[in-house]
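Sequence lines set the chain letters: A, B, ... in the order given, protein chains first and strands last, and positions in each chain run from 1.
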Protein chains: 2
Amino acid sequence: MSIAATTPVPEAYTPRQNAVLESALGLLVEGGERALTTAGVARAANCSKESLYKWFGDRDGLLAAMITFQSSKVKAEPRVSGATGRAALVSQLTGIAANLLKVLAGDVSLALNRLAIGQARRGEADLGQLLREHGRKPIETRLSALLEAGRREGLLDFADTREAYRTLYGLIVRDMHVRLLLGDSLDGEAPGARAAQAIDEFFRLFGREENTGPAPERTGAGNERTG
Amino acid sequence: MSIAATTPVPEAYTPRQNAVLESALGLLVEGGERALTTAGVARAANCSKESLYKWFGDRDGLLAAMITFQSSKVKAEPRVSGATGRAALVSQLTGIAANLLKVLAGDVSLALNRLAIGQARRGEADLGQLLREHGRKPIETRLSALLEAGRREGLLDFADTREAYRTLYGLIVRDMHVRLLLGDSLDGEAPGARAAQAIDEFFRLFGREENTGPAPERTGAGNERTG
DNA sequence: ACTGCAGCGTACCGTACGGTACGGTTCCGA
DNA sequence: TCGGAACCGTACCGTACGGTACGCTGCAGT
């Protein structure tokens, strides 16, 4: 409950601490949570347990620091380009979608999500909230901004941004994330192809046909799918 | 690794063992995995640890038994009605979707998924595989059968059943499952409304418009293809 | 009534882990 | 050169947990 409070202010760690967090993440990606013992982290990072406790205060503090550290690494997202038009919107959405799939399927992301989920209980959800805040909020804000821009341009038509975002998320990710979390391996499922298809489906649901050229839905032209 | 092998054949437990598994599930729903100690289960179920080990062989065996037991409880699904036509298909799909949402959001399901996910590692995924086998496979087969029936009736149009199923799953569940697993609480999001909307969206993607009109009874009519 | 079995409750063991303490070393500023 | 701070490595402590052993009770079969 005091995860956000244990770290007083710094929020940015020294290079040495970053290295320790890095090897801790490696340890987590390998053997899972049970491999993430304080002694193990100290041994893997060539540091002392005493330093660990001094820097992160607690084992939970270490876990929280690992999450914020990892999210800070992924923050290197480029800004949205100012281009307008349907093609630009589709391109940007597809890029974000593919990136989302790639991130979600990454080893470190999966390990951290497994850690937070395994930790979560009914009410208390320490790491889960932290992970949602640092991992999912950014994606949501970026996608939502893009959707609303598309709506302002008259390319998209939806009432509730959050609802539209969630549907888009569902079309992109489907059950892939939970399957991966449960240990399944995604067979083929190239991120790029899936992203493009999801964006296409999203436009068929929320696109304004006047701007899409040959309106597919009303004319019964058919929605051919390629599996 | 020997989860499926530890239980020799029975697969069905005595009432006493069922009661023990029930209280173990209750213990898991409450305090999470760390509350699920062998001593705790024995105390909560008024049985001895020795009996626990005799019945389930191992702590992992107990966990696996909890999963199979819980899935056997949910197996009380009614068969599909033989009714045909678009309305009947929509009704059945909506019912299954709402039921899926309700099950996924259930306390026991969430607790077991958290347990299996927390346990899962890169390669090894003991409980995860078991959960996928007993929890997700049934839903997939039922929904897939329904989708293919709709396609045979000319109500739906898709090439790959598995792909269509996954998109439907994404439309229904979206990010709700992972959010719940991470400890978030679904704000409003009534299962019925979400299910109906998801089915509607699915039909807008994969429905054949020619048949959306009043087609009340169509006993096994073929696929008339226009154009 | 006798016997054996299933099961409860408890005690016990070994290990593993979170957390702390301590000595030794390096490095930096005075 | 000195003092101290940071830190490494290791040893140590208490506890908690998985797993086993043992004594006792109740019940079925004969």
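- Note on B:Glu33 versus B:Arg59: salt bridge recorded, some NZ/NE/NH1/NH2 to OD/OE distance being below 4.0 Å.
- Between B:Val173 and A:Asp175, the closest side-chain pair of non-hydrogen atoms is not below 4.5 Å.
- Taken to the nearest 0.5 Å, the CG atom of B:Leu147 stands 6.5 Å off from the CG atom of B:Leu156.
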Reading nucleotides 6-19 of chain D from 5' to 3' and marking B where a protein heavy atom lies under 4.0 Å of the base, S where only the sugar-phosphate is that close, and - otherwise, the string is -SBB-------SBB
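- In this structure the side chain of B:Thr167 reaches within 4.5 angstrom of the side chain of A:Arg174, judged on heavy atoms.
- Two residues are said to be in side-chain contact when any heavy atoms from C-beta on lie closer than 4.5 Å; A:Ile139 and A:Arg136 fail this criterion.
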Full working for ring pair (Phe, Tyr, Trp, His ring centres under 6.0 Å) between B:Phe158 and B:Phe202: CA-CA 11 Å; B:Phe158 54 85; B:Phe202 183 77; 7.3 Å; no
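- In the helix from C:dA1-D:dT30 to C:dA30-D:dT1, the rotation axis of the first five pairs and that of the last five pairs differ in direction by 10°, rounded to 10 degrees.
- With respect to B:Glu140 and B:Arg132, no salt bridge is recorded, no charged nitrogen being found less than 4.0 Å from a carboxylate O.
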